[in-house]
Visitor: 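After the structure tokens below, expect a handful of questions from me.
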Amino acid sequence: MDCPVLVDQRFTKEGNGWRLGWDATAPCYKGLLGGKAWAIELTEAEFHTFRRLVLEISQTMGAIAAELMEAERVTCEAEADDLWLEAEGFPDAYSLRFVLAAGRRCEGEWDAVAAQHIVQAIHYLALF
């Protein structure tokens, strides 16, 4: 079993259509989310909320997989005061969309391939 990556300073992970970053030394915006043609920096609290909601969505999608027929698509939402996250697709291949509803306000999304990389990177990232 892989252990989480402990990030105390800087971390950047990216691939085709996605980017995830952390800079503990940044004065305000420590987290980074990016897609094909967009990027947004998040505060530490926003990034922690995003991480928590991604983990919740991932667990929920995995848990409902046994309840669905093979070709059945599903939409799953998770929400906090300042962030909304939606997964849409199949339990093992879904897109992600988020809306940041506080401060700068923005939204972004990843297709199913990029979303799975984001989920995988989030699973192995522990911030302190």
Visitor: Taking all non-hydrogen atoms of both residues, which atom of Ala102 and which atom of Glu46 are closest, and how far apart?
Guide: O-OE2, 4.5 Å
Visitor: Where do Leu42 and Arg104 land on the side chain to side chain contact (heavy atoms under 4.5 Å, CB included) test, with the steps shown first?
Guide: CA-CA 9 Å; Leu42 301 179; Arg104 298 141 344 274; 3.9 Å; yes
Visitor: What distance do Ile122 atom CD1 and Ile57 atom CD1 have between them, rounded to the nearest 0.5 Å?
Guide: 12.5 Å
Visitor: Give a yes or no answer on whether the side chain of Thr49 reaches the backbone of Ala45 with a donor-acceptor pair at less than 3.5 Å.
Guide: yes
Visitor: Holding to side-chain hydrogen bond (donor to acceptor under 3.5 Å, both in side chains), I want the full list of residues that pass it with Arg73, two or more places apart in sequence or in another chain.
Guide: Glu88
Visitor: Give the C-alpha distance, both sets of side-chain angles, the deciding distance and a yes or no for side chain to side chain contact (heavy atoms under 4.5 Å, CB included) between Phe47 and Leu33.
Guide: CA-CA 9 Å; Phe47 193 84; Leu33 301 177; 4.2 Å; yes
Visitor: Side chain to side chain contact (heavy atoms under 4.5 Å, CB included) with Trp22: which of Arg51, Glu44, Lys13, Arg10?
Guide: Glu44
Visitor: Compare all side-chain heavy atoms of Phe90 with those of Val74 and state whether any distance is below 4.5 angstrom.
Guide: no
Visitor: Please work out which of the three classes, parallel, tilted or perpendicular, describes the rings of Trp38 and Trp110, given edges at 30° and 60°.
Guide: tilted
Visitor: Do His117 and Asn16 come close enough that some side-chain heavy atom pair is under 4.5 Å?
Guide: no
Visitor: To the closest 0.5 Å, what do you measure between CZ (Phe98) and CG (Leu53)?
Guide: 11.5 Å
Visitor: For Glu56, what residues pass the salt bridge (Lys or Arg N to Asp or Glu O under 4.0 Å) criterion, not counting sequence neighbours?
Guide: Arg52
Visitor: Please tell me if the side chains of Phe50 and Leu100 come closer than 4.5 Å, counting only heavy atoms from C-beta onward.
Guide: no
Visitor: Any non-hydrogen side-chain atom of Val113 less than 4.5 Å from a side-chain atom of Trp18?
Guide: no
Visitor: Within the distance-only criterion (no hydrogens, no angle test), does the side chain of Glu86 pair as donor or acceptor with the backbone N or O of Cys76 below 3.5 angstrom?
Guide: no
Visitor: Please say yes or no: joined through hydrophobic side-chain contacts below 4.5 Å, possibly via intermediate residues, are Val99 and Leu96 part of one cluster?
Guide: no
Visitor: Let me confirm one number: the CG-CZ distance from Asp82 to Arg105, rounded to the nearest 0.5 Å.
Guide: 10.5 Å
Visitor: If we ignore hydrogens and angles and just use 3.5 Å, is the side chain of Lys30 paired with the main-chain N or O of Ala24 as donor and acceptor?
Guide: yes
Visitor: Do Leu32 and Thr12 have side-chain heavy atoms sitting under 4.5 Å apart?
Guide: no
Visitor: On a heavy-atom basis, which atom in Ala112 and which in Ala93 lie closest, and how many Å separate them?
Guide: CB-C, 4.0 Å
Visitor: Enter the distance from Thr75:OG1 to Met61:CE here, rounded to the nearest 0.5 Å.
Guide: 7.5 Å
